[in-house]
Amino acid sequence: MTVAGGHGHGNATNQLDNPLGLFIDDNQTMIIADMWHGRIVQWKTGDTNGQVVAGGNGEGYRLDQLNDTTDVLLDKAMDSLIVCDKGNRRVVRWSRRSGTTQGEIFLDKIDCYGLTMDDQRYLYISDDVKYEVRRYQTADKNGTIVAGGNGRGTDLNQLNKPRYIFVNQQQTVYVSDRGNNRVMKWNKGAKEGIVVAGGQGEGNALAQLWNPEGLFVDTLDTLYVVDSYNHRVMRWPTGAKQGTVIVGGNGHGGGANQLEYPTGLTFDQHGNLYVADMFNHRVQRFSIE
């Protein structure tokens, strides 16, 4: 079912415009990176309208503006949002306290795309121009490379347009390696990654991915990944040579069983799957058995 947007593209409170990154807090409130209008929207389950909680003042580079937001997460300890402000080549922190009218720059001159934070509050950022993922401590501006960093390519120590990231409790990094049509797993301290999904060229066979985007890994190491250009979400058990289509895969369109270039993906604490359905300008929720 549609739980956010779904009223065409635009910047009204009941609309989204190319939603990308997606985060669900403990209260099942969605926090959505709404790309084309330079804003982050908060949407409570059951509501017909969202609320702008960062940006929303037109696309621009002022501290009260955002430009091409691709991902967002909630830093619970600081009660703040961390936003990949890609169009401005920066990562910004935006307090959730009442009365906040602008963000503060956490990192600049970075071609960020995906963000995540581990249990120890290390921040992980993918850079789709340097073809790497770095881990940052709170006050650290340089970071440590934890995936890629060896130029663009197809080797196991390389990435090509890394997008979204998932990190587990062991600080294992999973990254959607979009340009290589695969998902890579980098164990902590590893010098190269392991292909855990795709890597068989672009296509729609069950062993293939085509421009993978958002991803999630459960406690059994089962991977869930958005297969964007195939308009579907796939599940890959650990060690599997091919995946299973669990959502979409019925051609691109706006039906309840269809997606159109989906991007972000996450689960809530009840096991419901949420997908940012980009070209349908909506967020879809699915019950997964």
Side-chain angles (χ1 to χ4, degrees), residues 20-23 31-41 53-97 100-152 158-167 171 173-179 184 186 188 213-215 263-264 266:
L20 294 183
L22 184 62
F23 188 92
I31 304 169
I32 305 161
D34 196 25
M35 180 180 180
W36 283 127
H37 291 290
R39 64 183 190 173
I40 303 298
V41 180
V53 290
N57 297 301
E59 290 188 325
Y61 58 85
R62 298 193 316 253
L63 289 178
D64 68 338
Q65 293 179 307
L66 299 169
N67 185 7
D68 285 359
T69 53
T70 55
D71 206 4
V72 59
L73 62 83
L74 171 62
D75 182 356
K76 298 176 188 176
M78 298 290 289
D79 193 25
S80 63
L81 302 174
I82 300 177
V83 181
C84 175
D85 187 16
K86 184 169 180 59
N88 288 319
R89 300 188 65 232
R90 65 190 184 189
V91 175
V92 298
R93 181 184 293 276
W94 205 291
S95 173
R96 297 179 93 195
R97 289 192 297 271
T100 299
T101 58
Q102 65 181 38
E104 59 178 338
I105 297 173
F106 178 79
L107 286 171
D108 61 2
K109 298 177 183 177
I110 180 171
D111 293 288
C112 61
Y113 203 97
L115 304 167
T116 195
M117 184 174 279
D118 67 19
D119 293 345
Q120 299 175 44
R121 295 190 64 244
Y122 285 98
L123 181 65
Y124 297 74
I125 304 173
S126 66
D127 186 316
D128 65 352
V129 173
K130 290 184 177 178
Y131 314 111
E132 65 185 23
V133 178
R134 285 182 182 256
R135 181 180 65 224
Y136 296 83
Q137 289 180 290
T138 305
D140 178 17
K141 302 301 181 184
N142 295 316
T144 302
I145 294 175
V146 294
N150 295 296
R152 175 181 180 178
Q158 294 178 305
L159 298 169
N160 181 4
K161 295 184 182 176
R163 290 296 177 90
Y164 291 99
I165 321 162
F166 183 91
V167 178
Q171 294 185 327
V173 177
Y174 295 81
V175 55
S176 52
D177 190 11
R178 176 183 163 118
M184 299 295 290
W186 290 64
K188 185 178 181 180
E213 295 277 356
L215 71 169
T263 50
T266 193

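These numbers come from the heavy atoms of this one structure, side chains and all, not from hydrogens, waters or symmetry mates.
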Can you find a pair of side-chain heavy atoms, one from [X] and one from [Y], that are under 4.5 Å apart?
X    : Y    : value
F23  : T266 : no
K86  : M35  : no
V53  : W94  : no
Y122 : Q137 : yes
I110 : I125 : yes
L22  : I31  : no
V72  : L115 : no
I165 : V133 : yes

Pair S80-R96, side-chain donor/acceptor within less than 3.5 Å: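 On atom types as modelled, these side chains do not qualify, holding no pair under 3.5 Å.
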
Short side-chain donor-acceptor distance under 3.5 Å, R163 and Y113: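 Yes, a side-chain donor-acceptor pair sits under 3.5 Å.
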
Residue among T69, D68, N67 satisfying side-chain contact (heavy atoms from CB on, under 4.5 Å) with W36: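 Of the listed options, the one satisfying the test is D68.
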
N/O donor-acceptor pair under 3.5 Å between D118 side chain and Q120 backbone: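 Yes; at least one donor-acceptor contact below 3.5 Å.
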
Any donor-acceptor pair under 3.5 Å from S176 side chain to R178 backbone: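 Flag not set: sc S176 to bb R178 has no pair under 3.5 Å.
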
What pair of heavy atoms forms the shortest contact from [X] to [Y], and how long is it?
X    : Y    : answer
D75  : R93  : OD2-NH1, 3.0 Å
Q102 : T100 : O-CG2, 3.4 Å
V41  : R39  : CG2-NE, 3.5 Å
S126 : P162 : OG-O, 3.7 Å

Could you give the distance from [atom1] ([X]) to [atom2] ([Y]), rounded to the nearest 0.5 Å?
X    : Y    : atom1 : atom2 : answer
I105 : R90  : CD1   : CZ    : 5.0 Å
N57  : D64  : CG    : CG    : 4.5 Å
D71  : I32  : CG    : CD1   : 12.5 Å
K188 : Q171 : NZ    : CD    : 4.0 Å
K76  : M117 : NZ    : CE    : 11.0 Å
Q65  : D85  : CD    : CG    : 9.5 Å

Residues that R89 engages under side chain to side chain contact (heavy atoms under 4.5 Å, CB included), provided they are two or more places apart: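 Expected list: K109, D111.
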
For M184, side chain to side chain contact (heavy atoms under 4.5 Å, CB included) partners two or more places apart: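 In terms of side chain to side chain contact (heavy atoms under 4.5 Å, CB included), with neighbours along the sequence ignored, M184 is linked to L156, L159, V175, D177, R182, W186, V195.
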
Please tabulate, for side-chain N and O atoms in residues 141-150, each donor-acceptor pair with protein atoms closer than 3.5 Å (sequence neighbours left out).
residue, atom, partner, partner atom, Å
K141, NZ, F106, O, 2.6
N150, ND2, N157, O, 2.8

N160/Y131 under side chain to side chain donor-acceptor pair (under 3.5 Å): CA gap, chis, key distance, verdict: CA-CA 6 Å; N160 181 4; Y131 314 111; 5.4 Å; no

Stepwise side-chain contact (heavy atoms from CB on, under 4.5 Å) test for L107 and Y136: CA-CA 10 Å; L107 286 171; Y136 296 83; 3.6 Å; yes

Step-by-step salt bridge (Lys or Arg N to Asp or Glu O under 4.0 Å) determination, K161 to D128: CA-CA 4 Å; K161 295 184 182 176; D128 65 352; over 6 Å; no

